[in-house]
Amino acid sequence: MFNFSDNFFNKVEKKTNVGKETILELADKLQKTDLKNETTLREIIQQLGQMTGKEVSKEKEDKIINAVVNDQVPKDINKFF
């Protein structure tokens with residue numbers, strides 16, 4: 001698993017209101033998931049939306065899935081912040 005500092009988790013929690021333990025549980029689930037499976041990705045996206053209290057439109061969901069399936073997601077996690 002990744003070795004992130006508490007500073008990383010604090011940044012994520014500030015932006016999402018999702019705690020470290022929940023993040024680690026989700027990361028573990030993602031590592032065991034086929035991220036090329038569209039149905040699974042849609043479930044994960046909806047779960048993340050619920051966790052963060054943000055609504056994810058169908059259009060945005062489609063863009064996320066397209067990016068993940070086509071390997072267009074940045075490899076550098078710092079680009080997300």
Side-chain angles (χ1 to χ4, degrees):
M1 185 139 142
F2 298 106
N3 186 19
F4 294 116
S5 69
D6 284 338
N7 186 39
F8 168 80
F9 289 107
N10 290 336
K11 283 182 182 179
V12 173
E13 188 168 359
K14 248 184 193 177
K15 288 185 178 257
T16 65
N17 293 320
V18 178
K20 180 178 178 177
E21 290 302 315
T22 304
I23 295 167
L24 291 174
E25 288 171 11
L26 182 60
D28 185 55
K29 179 180 179 180
L30 289 173
Q31 286 183 335
K32 298 173 184 173
T33 300
D34 176 12
L35 294 180
K36 301 295 182 185
N37 182 304
E38 185 176 325
T39 303
T40 302
L41 280 173
R42 289 191 189 280
E43 290 172 5
I44 291 169
I45 291 166
Q46 291 304 312
Q47 181 182 5
L48 284 169
Q50 290 172 350
M51 289 169 56
T52 60
K54 306 217 184 247
E55 187 176 328
V56 181
S57 69
K58 174 78 167 123
E59 181 180 319
K60 188 175 240 181
E61 188 177 285
D62 290 342
K63 285 182 180 181
I64 294 168
I65 289 170
N66 186 47
V68 172
V69 170
N70 293 309
D71 293 321
Q72 296 173 339
V73 178
K75 302 295 183 212
D76 182 359
I77 195 87
N78 290 316
K79 290 184 180 183
F80 288 109
F81 300 99

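Throughout, numbering of the chain's residues begins at 1 and tracks the sequence.
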* To do: Could you tell me which non-hydrogen atom of V68 sits nearest to which non-hydrogen atom of K36, and how far apart they are?
  => O-NZ, 3.3 Å
* Asked: Taking atom CG of N70 and atom CD1 of I65, what is their separation to the nearest 0.5 Å?
  -> 11.5 Å
* **Neighbour count above 12 (heavy atom, 6.0 Å) for E55 CD** => no
* Asked: Is K54 reaching over with its side chain to a backbone N or O of G49, donor-acceptor style, under 3.5 angstrom?
  -> no
* Approximate separation, where rounding is to 0.5 Å, of L48 CG and L26 CG -> 5.0 Å
* Ion pair check, K63 and E59, cut-off under 4.0 Å -> yes
* Measure the CG-CD distance between N37 and E43 for me, rounded to the nearest 0.5 Å. => 8.0 Å
* Go through the steps for I44 and L30 under the test side-chain contact (heavy atoms from CB on, under 4.5 Å), then give the verdict. => CA-CA 9 Å; I44 291 169; L30 289 173; 3.4 Å; yes
* What distance separates K32 NZ from D34 CG, expressed to the nearest 0.5 Å? -> 15.0 Å
* To do: Would you name the heavy atoms of V56 and K60 that are closest together and state the gap between them?
  => CG1-CB, 4.2 Å
* If you take all heavy atoms of I23 and V18, which pair is closest and at what distance? -> CD1-O, 3.5 Å
* Taking the side chain from K15 and the backbone from N10, do they hold a donor-acceptor pair closer than 3.5 Å? -> no
* Euclidean distance, L35 CG relative to L41 CG, rounded to 0.5 Å -> 5.5 Å
* **Closest contact, heavy atoms only, D6 versus K20** => OD1-NZ, 2.9 Å
* Asked: Where is the tightest heavy-atom contact between Q47 and K29, given as atom of each residue plus distance?
  -> OE1-NZ, 3.0 Å
* Asked: How long is the span from the CZ atom in R42 to the CD atom in Q46, to the nearest 0.5 Å?
  -> 8.5 Å
